[in-house]
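Single-structure report; data block below.
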2 protein chains.
Amino acid sequence: MTTRKALDAAVTDLMQAIGLLVRRARVVGASQELSWTESFVIGRLAKDGPATTAELARAEGVKPQSMGTTIAVLEDMGLVERTPHPTDGRQVNIALTAKGAAMRKHSKDAKLAWLAEAVARLDEQERDTLFKAGEIINRLVKH
Amino acid sequence: MTTRKALDAAVTDLMQAIGLLVRRARVVGASQELSWTESFVIGRLAKDGPATTAELARAEGVKPQSMGTTIAVLEDMGLVERTPHPTDGRQVNIALTAKGAAMRKHSKDAKLAWLAEAVARLDEQERDTLFKAGEIINRLVKH
DNA sequence: TATTGTTATACTCTATAACTATA
DNA sequence: TATAGTTATAGAGTATAACAATA
């Protein structure tokens, strides 16, 4: 049953479903102030504390230059702030501001809220499958 | 265990994993000739036969105008062809060409090939979880 | 020289808006 | 009028390239 062909078909279906999910979430959150990467940066800073541009870029799977752009946007919004690294003059520490922490707490992200609501309507077992799949994907993308 | 807060956290983790997967796949297939949507259009045409622009747009979760652009690209590559609808002069039928069918058969898509390979290395149970999650997501996005 | 980050520019995918042709 | 599709333009997100500052 696990012929190469069947596997390819199943993987294609999986990615199509994921593609639909991502597009759907984008539409739902179109009027929202935070993009995916922006949300995740806020979440990461809230969970693990301040980090450098390079660290955040690695965590999100984007180039440091792209992360720099994202951080500039968040800084303009007053959600994060840059402070110089204590010993290494090249590095810059990115930290949540009080406003950023508050936004995180109030979970203002429409995209995630929409998905959370949909997931909440699933039964226990399906939710479990979904979250287990998330863990598996996490392992996959890290080689 | 299913407090709202725990659910939000789990959903956030899930979407972050999915975000990483999508970006990772993009990097892997950067030198490739087909985008996600292009691949899926080819796949859909191969599986279900010819379709109109509007049908394809609905299936992929994009606007008809965006799908029109995608189809134009595929047509330039010689992978699909437009033929007038037999009875309704407004509609256009999109069908795979021989070249498109061949490309589909040889599974030239580096992004999917990379993922298929990674999935093949999982054990039976994990693969199953992943594909079940795909079905659940499919239901979620369709309301 | 290697590393961290910034600035400038370009590309990909999708959206909105305005239009044509057919029903 | 309503529907299918096309064309033009814009926006979001990320990439590459070139650069400055520091280690």
Side-chain angles (χ1 to χ4, degrees), chain A residues 15-16 18-41 50-77 80-94 110-111, chain B residues 15 18-41 50-77 80-94 111:
Chain A
M15 286 311 302
Q16 182 153 32
I18 286 177
L20 284 169
L21 175 62
V22 170
R23 291 195 202 95
R24 175 66 185 275
R26 179 177 30 229
V27 171
V28 169
S31 61
Q32 202 59 22
E33 60 277 352
L34 295 185
S35 73
W36 281 118
T37 300
E38 286 159 12
S39 292
F40 291 139
V41 167
T52 66
T53 301
E55 283 167 353
L56 292 170
R58 225 177 305 117
E60 302 303 333
V62 300
K63 296 290 167 191
Q65 298 98 315
S66 303
M67 183 50 72
T69 305
T70 298
I71 290 168
V73 172
L74 290 173
E75 197 180 23
D76 280 351
M77 290 179 184
V80 305
E81 61 186 354
R82 298 173 205 247
T83 51
H85 192 280
T87 63
D88 188 334
R90 295 169 305 180
Q91 296 188 51
V92 179
N93 252 298
I94 317 294
K111 290 184 288 300
Chain B
M15 285 312 301
I18 286 177
L20 284 169
L21 175 62
V22 170
R23 291 197 201 94
R24 175 65 186 276
R26 177 172 36 228
V27 171
V28 168
S31 60
Q32 202 59 20
E33 59 276 353
L34 294 185
S35 73
W36 279 118
T37 301
E38 286 158 13
S39 293
F40 290 140
V41 167
T52 66
T53 300
E55 283 166 352
L56 292 170
R58 225 178 305 118
E60 302 302 335
V62 299
K63 297 289 168 195
Q65 298 97 314
S66 303
M67 183 52 71
T69 306
T70 299
I71 290 168
V73 172
L74 290 172
E75 196 181 23
D76 278 353
M77 290 179 184
V80 305
E81 61 186 355
R82 298 173 207 246
T83 50
H85 192 281
T87 63
D88 189 333
R90 296 169 304 179
Q91 296 187 50
V92 179
N93 253 297
I94 317 295
K111 291 185 288 300

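We name chains A, B, ... by the order of the sequence lines, and we start the count at 1 in each one.
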To the nearest 0.5 angstrom, please state how far the [atom1] atom of [X] sits from the [atom2] atom of [Y].
| X | Y | atom1 | atom2 | value |
| --- | --- | --- | --- | --- |
| B:S35 | B:R26 | OG | CZ | 11.0 Å |
| A:I94 | A:E55 | CD1 | CD | 10.0 Å |
| B:I18 | A:W36 | CD1 | CH2 | 8.5 Å |
| A:R82 | A:I71 | CZ | CD1 | 6.0 Å |
| B:R90 | B:T52 | CZ | OG1 | 11.0 Å |
| B:T53 | B:Q65 | OG1 | CD | 10.5 Å |

Between B:R82 and D:dA4, is there a contact of a side-chain N or O with OP1 or OP2 at under 4.0 Å? no

When you compare the side chains of A:R23 and B:T37, does any donor N or O come within less than 3.5 Å of an acceptor on the partner? yes

Sequence neighbours excluded, the answer for salt bridge (charged side-chain N to carboxylate O under 4.0 Å, His left out) partners of B:R58 is none

d(CZ, B:R90; P, D:dT3) in whole Å: 9 Å

Distances under 3.5 Å between protein N/O atoms and the N/O atoms of nucleotides 13-17 of chain D, please, pair by pair.
unit_1: D:dT14; atom_1: OP1; unit_2: A:T37; atom_2: OG1; d: 3.0
unit_1: D:dT14; atom_1: OP1; unit_2: B:R23; atom_2: NE; d: 3.1
unit_1: D:dT14; atom_1: OP2; unit_2: A:T37; atom_2: OG1; d: 3.2
unit_1: D:dA15; atom_1: OP2; unit_2: A:K63; atom_2: N; d: 2.8
unit_1: D:dA15; atom_1: OP2; unit_2: A:S66; atom_2: OG; d: 2.9
unit_1: D:dA15; atom_1: N7; unit_2: A:S66; atom_2: OG; d: 3.3
unit_1: D:dA17; atom_1: N6; unit_2: A:Q65; atom_2: NE2; d: 3.2

Does anyone know the first and last nucleotide of DNA chain C in reach of chain B, 5' to 3', at under 4.0 angstrom to a heavy atom? C:dC13 to C:dA23

